[in-house]
Structure formats: structure tokens, C-alpha cells
Protein chains: 2
Amino acid sequence: MTPRQNRTRDRAERGIPEATVARLPVYLRALHTLQERGVATVSSEELAAAAGVNSAKLRKDLSHLGSYGTRGVGYEVEYLVYQISRELGLTQDWVVAIIGVGNLGRALAGYGGFASRGFRVAGLLDADEALVGQEISGMAVEHIDRLEEIISGRRVSIAVIATPAGAAQKVCDRVVAAGVTSVLNFAPVVLSVPDGVDVRKVDLSIELQILAFHEQRKAGGPDGYAPPASGEDPPGAAQYVEAVEA
Amino acid sequence: MTPRQNRTRDRAERGIPEATVARLPVYLRALHTLQERGVATVSSEELAAAAGVNSAKLRKDLSHLGSYGTRGVGYEVEYLVYQISRELGLTQDWVVAIIGVGNLGRALAGYGGFASRGFRVAGLLDADEALVGQEISGMAVEHIDRLEEIISGRRVSIAVIATPAGAAQKVCDRVVAAGVTSVLNFAPVVLSVPDGVDVRKVDLSIELQILAFHEQRKAGGPDGYAPPASGEDPPGAAQYVEAVEA
DNA sequence: AAGCCTTTGTGAATACGCGCACAAAGTCGC
DNA sequence: GCGACTTTGTGCGCGTATTCACAAAGGCTT
């Protein structure tokens, strides 16, 4: 994605691989668990096991942040928690707005994982007049007409889109226009955004379909499944649509 | 993950790359949208744009399923929908059980994306006696004690874990013991499962943290952000824990 | 019927990520 | 104070993924 800037500084300090960034939160969670148990020091082997990764990978990931381990001993849990938190930007607070207060939006509003990691939900917005004013998880739902005002007024930097698919792109355009540069999208659509805006997608249906693919493989026998005749002309090409439509 | 079986047959028919599998559902969704609009034929360029990927990548992905395009014309939408659906295993029905009926479980139970893609929710389970018997999205919540009976009796092949973190591993062990080989995990823990069982994880908090990382970079200036002094000895090493704890 | 134009399918080059294996570095026991 | 032992940090090779660029293939026009 950003290949050119990787040679400006040489490792640590700049250019942490995307794959590493994606694992840091996992390490962080494992470290928090260790911390609760009162563990002061952990080896790469132990932490890797807790995080479900290879220990060499863990060490390489951590080496991108600097040399925070002690050879022969391991890593100091507390210090590592701090370093990873800082690298991820969790030592500062991030203001989040949730747009769309359906079932999913409600679940997100009540999700404990927000507050505990420096994410503060500062707004719940919906287009449904009947919802506006209702209180969800101790916060009143506001009308989406006030989106721009809320986003800039409360310095929202991350927007969580939990609207129906049809509304998502329009909402996205508006939050971006209002200054948001990070979007977490739960709507089942591909959002298009200008350069400089990050979008991450969470899509239940896609995850299930990936599982179904592997499940189908497994069902075909342990040694190898051949997908149903993939070079043939299926008889009756017209009616196969029904099989997958709602 | 499975490198040895890739040479048994030569491309198509066997060994679709994991990265490709992960994109097929995206293509499928884009194709459904086109279908609703009455589009009969689509070029790789158009479909790639709709799916948010490079067109060469799209063509290579599709080539793993076989040669379903016509040079000079493009792909027949309906036929491609069928081929991808079949490859993903969506031409058959998959029986899903949702374990944990909190906010998130409720949202999942009501999620339309299940039914519309061949996923049938056949059970909602929870440990809370107060919830058992309640109806959620037209389905009665059942007690988790009946998990084994429900899973084998109703031929559940995919388990969705939406329990609190503390309960997830135990629930996972039970569903696996009962015969489930595909798990979609929403609990913020790393599940360990025996070989042959697939686990996919959806984790809101991790996604937010990844966004925060990039947001922090952007905030440091358009040309390059240097993370706060990553080789230094921070003064007062003891109190930095508070910054990220609940 | 022939040639032009569009679009696929893929070879080749490049970038990226992973994991092994080991040297360097530091601790701990004696 | 020294040697043995542990564990980090990383060089290296391998496999996968991505993208470019183009030849092959097919339709369409004249």
C-alpha cells in the first residue's frame, strides 16, 4: 500500500509492516491478561503461545518497535504494554461516533471493548425519528441531520457505520466531508473514499462464506475434494439463480 | 497453510489461494447488485471497480475457478454468480447455531445476511436462565446445557460464538467435541482448536486499534510521523499502565 | 470474409510475509 | 569472576500475493 516510504528510515521508527500492526492488538490483549495475573516477565515463547502465533514471528514483530526484550530473560510485561499501546496510539483518547442504531449499532454502543481501550463513544446517530431521543447504554440517540455538527463539534475522528447497506455510502461521504479520516464499516458494501481516508470492513456474511468454503472441502473427504465439475456445461443454465437468491 | 496438496492437480479444481477465497464473497455481492439492476454482462474492469480491487487480480482470481469469461465481451453475470456460489459451497444450506444471546448475539440473530446466503440459524443458546424461552427474531432461546443434543440433532456445522470472553474457550471445546468443524468467534480471545477445525475471528476492538494506529500516523503530519521517541527511557516507568487500563 | 477492436487469461517481475536456525547478548549458579 | 544456559534479535531461503504487460481469442463492423 505504501511501499515508497519504507526506505526513508531504516526499520523501527517508521514502516511497521501492516501484518505486524494487525497483530499488535492481539499481543496487547494477551499482555493485559498476564498483567491481571500478576506476571511481571514473559518470554517470546509464552507470549506467542498466548497470542496463537509463532514465537519467531512475535519476536520479529516486536523488533519493529525497538529492542524491548532482555536476552536470557524475556520481556517486561508492563513496559511492553506501554510500548505497544503507544505505538498503536492508545495512550491518547479517540472519539468515536456510531451511525445507525439498529440491532448491531446497539450492540456496538454497549460493547465494553470501546471504553477499556481509549475509545470514547461520543455520539449515536440514526435517521429514524422514533429512535431519536431514546437512551441506549446511557446515551441519547441523536438525529443524523446533526451529523456534521456533532462530528466537528465533538472532534470525532473515527466513525463506525452500522447503517443498512443502502445508506452506507452516503453516510460515509458525509462523515468524510465533515473531517473523519478513519471509518469502520459494518454495512455490507464496498465504500469508496478519497485518498488519505482509512476504511476497515467487518462483514459477517463474508466470514461465514469463507467458513462454508472450507467446510465444503472438508466434507468432500479428508484427502481432497473436487468441486462439482468445474469445466462442464451445466444443464439448464437459467434456473441456477434461484439456488442462491433470497 | 496447506502447501503440500497444491501440486496434486494443476490449478483450477484444487488449491484456490486463500487470498482469492476471501475475495470471492465480495465479487459475489457485487454481482448480485448488478443482477438486481438487470445487468447481463460485466467486464473485469467494471466488476473490479465495484469490488474495489485491481482488475488483473480479479481476472486471476476468477481464472482459478476456470475460464468463465468471453474475450472481447466479459463475464455473464448470472453464470458467474452460479460458479462462485458453487465454489463457495452456497448452493447447499449450512446450519448455524449462535451461542451467547447478549447484545451481539441478538444482533446476529436478526441479521438478514444469514438467510439470504444459504445460512440457516437453527439454534440460539445461552447460559442465562432468564433468557431461555424468550423469543428473539422468531426463535426461542434454548439452554446451553442442551448444546450437544442441539448440535448433533440438528446437524449444525457452523457455530457462532458470541459469549463473553471467559466462556468462549469452554463453549468452543464443547461445540468441537459435538462435531462442529467451523467456528466464527466474536469473543475477544484466541481460541485453540484441534487440527481440522477452522476458526475465524471477528474483533471490533482490534479493528479500532488498527484504525487508531493509522490515525495517529496521519495526525503526525502528511509526510511522516515519528512515534514518540521509541528508544528512550521513559521517566517514571511505573505509572504508564494507568493510561491504557480500564 | 477480413480486419479491427475489445477484453480475457497468464507469464514474468516484484514485493511481502513467514519461519528456521543461529549468533549475539545477557543472566544465574557456583 | 567465570562458564553454562537461556532467550532475544535477525539473516536467509521459501512460498504466496500482487501487479504489469501482452499475446491469444473472440465479436463486430464494414
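A, B, ... follow the sequence lines: proteins, then strands. Residue 1 opens every chain. Note that the coordinates shown come from a computational prediction; the quantities given were computed from them, not determined experimentally.
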Report yes if a side-chain nitrogen or oxygen of [X] is closer than 4.0 Å to either non-bridging phosphate oxygen (OP1 or OP2) of [N]; otherwise report no.
{"X": "B:Arg23", "N": "D:dT18", "value": "yes"}
{"X": "A:Ser44", "N": "D:dT8", "value": "yes"}
{"X": "A:Tyr68", "N": "D:dT7", "value": "no"}

Could you run down nucleotides 24-30 of chain C 5' to 3' and tag each one B, S or - for protein heavy-atom contact under 4.0 Å? BBSS---

Partner set under ring pair (Phe, Tyr, Trp, His ring centres under 6.0 Å) for B:Tyr27, not counting sequence neighbours: none

Grab the [atom1]-[atom2] distance between [X] and [N] for me, whole Å please.
{"X": "B:Arg59", "N": "C:dA12", "atom1": "CZ", "atom2": "P", "result": "17 Å"}
{"X": "A:Glu18", "N": "D:dA17", "atom1": "CD", "atom2": "P", "result": "17 Å"}
{"X": "A:Ile16", "N": "C:dC16", "atom1": "CD1", "atom2": "P", "result": "15 Å"}
{"X": "B:Asp61", "N": "C:dT10", "atom1": "CG", "atom2": "C1'", "result": "13 Å"}
{"X": "B:Leu65", "N": "C:dT10", "atom1": "CG", "atom2": "P", "result": "12 Å"}
{"X": "B:Leu80", "N": "C:dT8", "atom1": "CG", "atom2": "P", "result": "11 Å"}
{"X": "A:Glu76", "N": "D:dT7", "atom1": "CD", "atom2": "C1'", "result": "16 Å"}
{"X": "B:Leu62", "N": "C:dT8", "atom1": "CG", "atom2": "P", "result": "9 Å"}

B:Lys60 (side chain) and C:dG9 (base): donor-acceptor pair under 3.5 Å: no

Residue [X], side-chain heavy atoms: nucleotide from [options] that is nearest:
{"X": "B:Asn54", "options": "C:dC20, D:dT19, D:dA17", "answer": "D:dT19"}
{"X": "A:Ser43", "options": "C:dG17, D:dT8, D:dG9", "answer": "D:dT8"}
{"X": "A:Lys57", "options": "D:dT8, C:dT10, C:dC18", "answer": "C:dC18"}

Side-chain ion pair, B:Arg217 and A:Glu87, N-O less than 4.0 Å: yes

Under 3.5 Å side-chain donor-acceptor pair for [X] and [Y]:
{"X": "A:Tyr79", "Y": "A:Gln83", "answer": "yes"}
{"X": "A:Arg59", "Y": "A:Ser44", "answer": "yes"}
{"X": "A:Glu215", "Y": "B:Ser182", "answer": "yes"}

Given side chains that start at C-beta, do those of B:Leu90 and A:Gln209 come closer than 4.5 Å, heavy atoms only? yes

Sorted by chain and number, sequence neighbours left out, side-chain contact (heavy atoms from CB on, under 4.5 Å) with B:Pro164 holds for none

With sugar-phosphate meaning primed atoms plus P, OP1 and OP2, does A:Ala56 contact a base, only sugar-phosphate, or nothing at under 4.0 Å between heavy atoms? base

